[in-house]
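First the structure, in the form of structure tokens, and then the observations on it.
Throughout, protein chains are lettered first and strands after them, A, B, ... in sequence-line order, and every chain is numbered starting at 1.
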Protein chains: 2
Amino acid sequence: MTASERHRAARADTVVDPDPDAAAERVADGIEEGALVTVFGRCTVEYDGRASSTLGPGDRHVMLKPDGSILVHTDEGQQPVNWQPPGCTQDAELADGDLRIRSHRSTPDERLDVRFERVTQVSAFAVDDASELAITGTEEDLRERILDDPDLLEADFTPLATERQTSAGAVDIYGEDHSGRTVAVELKRKRVGPDAVGQLRRYVDALERDLHDDAELRGMLVAPSVTDRARELLERNGLEFVSLTPETGE
Amino acid sequence: MTASERHRAARADTVVDPDPDAAAERVADGIEEGALVTVFGRCTVEYDGRASSTLGPGDRHVMLKPDGSILVHTDEGQQPVNWQPPGCTQDAELADGDLRIRSHRSTPDERLDVRFERVTQVSAFAVDDASELAITGTEEDLRERILDDPDLLEADFTPLATERQTSAGAVDIYGEDHSGRTVAVELKRKRVGPDAVGQLRRYVDALERDLHDDAELRGMLVAPSVTDRARELLERNGLEFVSLTPETGE
DNA sequence: TCGTGAATGTCGATC
DNA sequence: GATCGACGTTCACGA
């Protein structure tokens with residue numbers, strides 16, 4: 001382990017009940033050092049950008065990440081009450097005697113302003129994380145499962161392409177059936193509603209135009225299941241459904 | 001201020017570099033007290049439920065909320081790398097000498113397992129937050145703007161209902177034009193793609209069936225703007241577009 | 001509980 | 001930078 005790596009290894013610098021100016025300095029230093037900074041205290045939050053929002057005084061947990069993102073969490077909900085995405089500028093400073101943390105980005109122009117009337121704790125964490133998340137059960141898994149064994153859709157189905165472009169977007173799997181009819185396949189990893197049927201229909205319509213083909217063209221939705229409304233829509237549009245999950249067995 | 005209110009007021013109990021058993025006890029106590037608990041350290045994460053995922057060792061910030069949600073954040077991204085929604089059970093315990101935090105819910109059956117090989121810091125925050133987020137610039141604002149002044153869509157447009165049910169779902173605004181033709185209006189707060197056109201088309205188709213009406217039926221998409229492909233789809237389906245934002249002025 | 005659609009959706013790929 | 005579709009989307013609302 002090199003000195004710089006040791007410097008990066010999990011450390012935490014924490015101050016409790018800091019003065020506003022001490023808090024501002026800690027936060028600014030943490031940002032500067034590329035640390036993950038958290039602030040807990042009583043604050044108000046203003047957001048203006050794609051929409052606008054105001055949040056009155058309350059105790060919240062604010063997280064500033066070295067990639068420029070910022071998250072404001074209350075004690076409820078999986079989602080932050082306010083936030084900014086990665087790539088934003090961050091700054092912490094003393095404003096009228098209080099700690100103020102601001103975030104800004106352009107395109108679109110968006111600003112977040114967190115003002116603390118009391119700071120309970122500020123922490124700066126040095127993060128060392130090289131691992132990547134490995135996930136299974138995705139639409140990609142469903143696609144691979146079908147390409148490995150095309151008969152899962154129906155006997156003698158032959159995939160010809162994936163992500164085949166049409167004038168309405170890319171078809172997940174493009175192939176032909178036992179009699180040579182073209183089949184457009186739309187994949188969904190979980191139970192689907194009307195939106196997925198609309199998507200498949202757009203692709204089939206586009207293929208009919210693109211191929212200016214009088215031959216029959218089949219559209220097939222592949223998912224674990226469909227809602228009643230989606231099934232109606234499928235029938236009305238002459239589209240088919242095959243039940244299949246991303247995971248084998250189970 | 002009563003004793004219980006004082007207990008709720010923003011406080012933080014923090015331990016640095018705790019032993020695994022001390023960490024487990026702190027986390028368990030925090031959960032028990034209804035605190036917002038954060039843990040920073042080197043950990044691995046396993047998830048199994050709607051999908052499955054594995055995350056190798058790295059420094060992460062874990063937040064447990066009193067509503068049962070849990071968030072695992074790396075130093076990158078606005079989104080947590082792993083999580084559980086509100087309503088999950090939470091528990092912290094010593095497992096093979098390490099701190100292990102688990103979360104579980106039913107329907108669907110989902111589990112999250114965070115195992116720490118090192119705990120850098122544990123904090124328990126008492127949160128007092130009575131404020132609600134006030135937001136503007138939503139689709140609801142767009143609807144109100146139109147209902148206040150229906151001529152924004154076109155001269156002599158008359159709204160008759162909002163959220164009018166059809167066999168394909170609810171139409172945002174249902175009304176009639178100067179000549180008494182029925183108009184189905186779909187609202188979007190921001191620039192739209194092909195999906196919104198498909199949605200409007202489903203409503204118009206459903207109304208044509210529901211009303212078994214030979215009279216002309218208009219479908220109108222109202223949004224700040226549309227993509228090229230969405231505009232093509234609109235024209236192909238005989239649907240109309242009106243440019244309008246949720247916010248007045250600007 | 002399930003279905004449906006909004007969202008400051010976020011994120012990644014692709015053009 | 002814009003578009004498009006997946007996502008363990010999350011979330012609120014209604015049936």
Side-chain angles (χ1 to χ4, degrees), chain A residues 45 47-53 69 71-72 76-88 103 105-112 133 135-143 163 165 168-172 186-196 198-199 202-203 225-230 246, chain B residues 47-53 69 71 76-86 105-112 133 135-143 163 165-166 168-172 186-196 198-199 202-203 225-230 246:
Chain A
V45 188
Y47 156 75
D48 194 56
R50 288 166 292 174
S52 300
S53 73
S69 45
L71 304 163
V72 182
E76 291 183 341
Q78 175 189 334
Q79 296 302 127
V81 66
N82 281 112
W83 70 91
Q84 289 274 66
C88 296
S103 166
R105 71 160 165 166
S106 328
T107 62
D109 185 45
E110 291 195 298
R111 294 163 196 284
L112 188 68
L133 183 71
I135 190 168
T136 63
T138 65
E139 182 179 307
E140 172 66 18
D141 293 323
L142 177 56
R143 173 165 65 183
E163 297 299 316
Q165 289 301 321
V171 175
D172 285 335
E186 175 62 26
L187 307 176
K188 295 295 173 191
R189 63 172 298 278
K190 64 171 198 176
R191 183 174 174 84
V192 297
D195 52 340
Q199 197 179 335
R202 290 202 303 276
Y203 298 152
S225 60
V226 295
T227 66
D228 289 347
R229 200 111 89 187
Chain B
Y47 157 75
D48 195 54
R50 287 167 292 175
S52 301
S53 73
S69 45
L71 305 163
E76 292 183 340
Q78 175 189 332
Q79 296 302 126
V81 66
N82 280 111
W83 69 92
Q84 289 275 67
R105 71 160 164 166
S106 327
T107 61
D109 185 45
E110 291 195 298
R111 292 161 198 285
L112 188 68
L133 183 71
I135 190 167
T136 62
T138 64
E139 182 180 307
E140 172 66 18
D141 292 323
L142 177 57
R143 174 165 65 184
E163 297 298 316
Q165 289 301 322
T166 75
V171 176
D172 286 335
E186 174 63 26
L187 307 177
K188 295 295 173 188
R189 62 174 298 279
K190 63 170 201 175
R191 182 174 176 84
V192 298
D195 52 340
Q199 198 179 333
R202 291 202 302 277
Y203 298 151
S225 60
V226 295
T227 66
D228 289 347
R229 205 169 266 172

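Looking at heavy-atom distances under 4.0 Å, B:Glu76 makes no contact with the nucleic acid at all. When heavy atoms are screened at a 4.0 angstrom cut-off, B:Pro80 is found touching no nucleic acid atom at all. Residue A:Thr138 is classed as a sugar-phosphate contact, given heavy-atom separations below 4.0 Å to backbone atoms only. Using a 4.0 Å heavy-atom cutoff across all strands shown, B:Pro108 reaches no nucleic acid atom at all. Looking at heavy-atom distances under 4.0 Å, A:Asp228 makes no contact with the nucleic acid at all. Across all strands, B:Ala196 comes closer than 4.0 Å to no nucleic acid atom at all (heavy-atom distances). Contact annotation for A:Ala230: no contact, since no heavy-atom pair falls under 4.0 Å across all strands. If you check every strand for non-hydrogen atoms under 4.0 Å, A:Glu110 touches a base. Note on B:Gly77: only backbone sugar-phosphate atoms sit closer than 4.0 angstrom, heavy atoms only; bases stay farther off. Among the protein residues, B:Pro246 comes within range of no part of the nucleic acid, since none of its heavy atoms lies under 4.0 Å from any strand.
Side-chain contact check for A:Gln84 and A:Tyr47: no donor-acceptor pair (N or O, by modelled atom type) lies under 3.5 Å. With hydrogens and angles left out, the side-chain atoms of A:Arg189 and A:Thr138 include no donor and acceptor closer than 3.5 Å.
The residue among B:Val226 and B:Trp83 whose nearest nucleotide of DNA chain D lies closer to the 5′ end is B:Val226. Position along DNA chain C of the nearest nucleotide to B:Lys190 versus A:Gly193 favours A:Gly193 as the more 5'-ward residue. Between A:Ser106 and A:Arg202, the one whose closest nucleotide on DNA chain D sits nearer the 5' end is A:Ser106. Both A:Ser52 and B:Ala170 lie near DNA chain C, and the one whose nearest nucleotide falls closer to the 5' end is B:Ala170.
Straight-line distance from the CD atom of A:Gln78 to the P atom of D:dC7: 17 Å, rounded to whole Å. For the pair A:Tyr203 OH and D:dC4 P, the computed distance is 10 Å after rounding to whole Å. Summarising the geometry, the separation between CG on B:Leu187 and P on C:dA7 is reported as 10 Å, rounded to the nearest angstrom. B:Arg191 places its CZ atom 15 Å from the P atom of D:dG1, with the value rounded to the nearest Å.
B:Arg189 has a side-chain polar atom (N or O) that falls below the 4.0 Å cut-off from OP1 or OP2 of C:dG9. Checking the phosphate oxygens (OP1, OP2) of D:dA6, a side-chain nitrogen or oxygen of A:Gln199 falls inside 4.0 Å. A close approach under 4.0 Å does occur between a side-chain nitrogen or oxygen of A:Thr227 and OP1 or OP2 of C:dT4.
The minimum heavy-atom distance linking A:Ala230 with A:Pro194 is given by the pair CB-N, 4.0 Å.
Using a cutoff of 4.0 Å between basic side-chain nitrogens and carboxylate oxygens, A:Arg143 and A:Glu163 are scored as salt-bridged.
Candidate nucleotides D:dA6, C:dT8, C:dC11 were compared by shortest atom distance to the side chain of B:Gln79, and C:dC11 ranks first.
Counting heavy atoms from C-beta outward, B:Val192 and B:Glu186 have side chains that stay 4.5 Å or more apart.
No donor-acceptor contact under 3.5 Å links the side chain of A:Asp195 to the base of C:dT4. A donor-acceptor contact under 3.5 angstrom links the side-chain atoms of B:Gln84 to the base of D:dG8.
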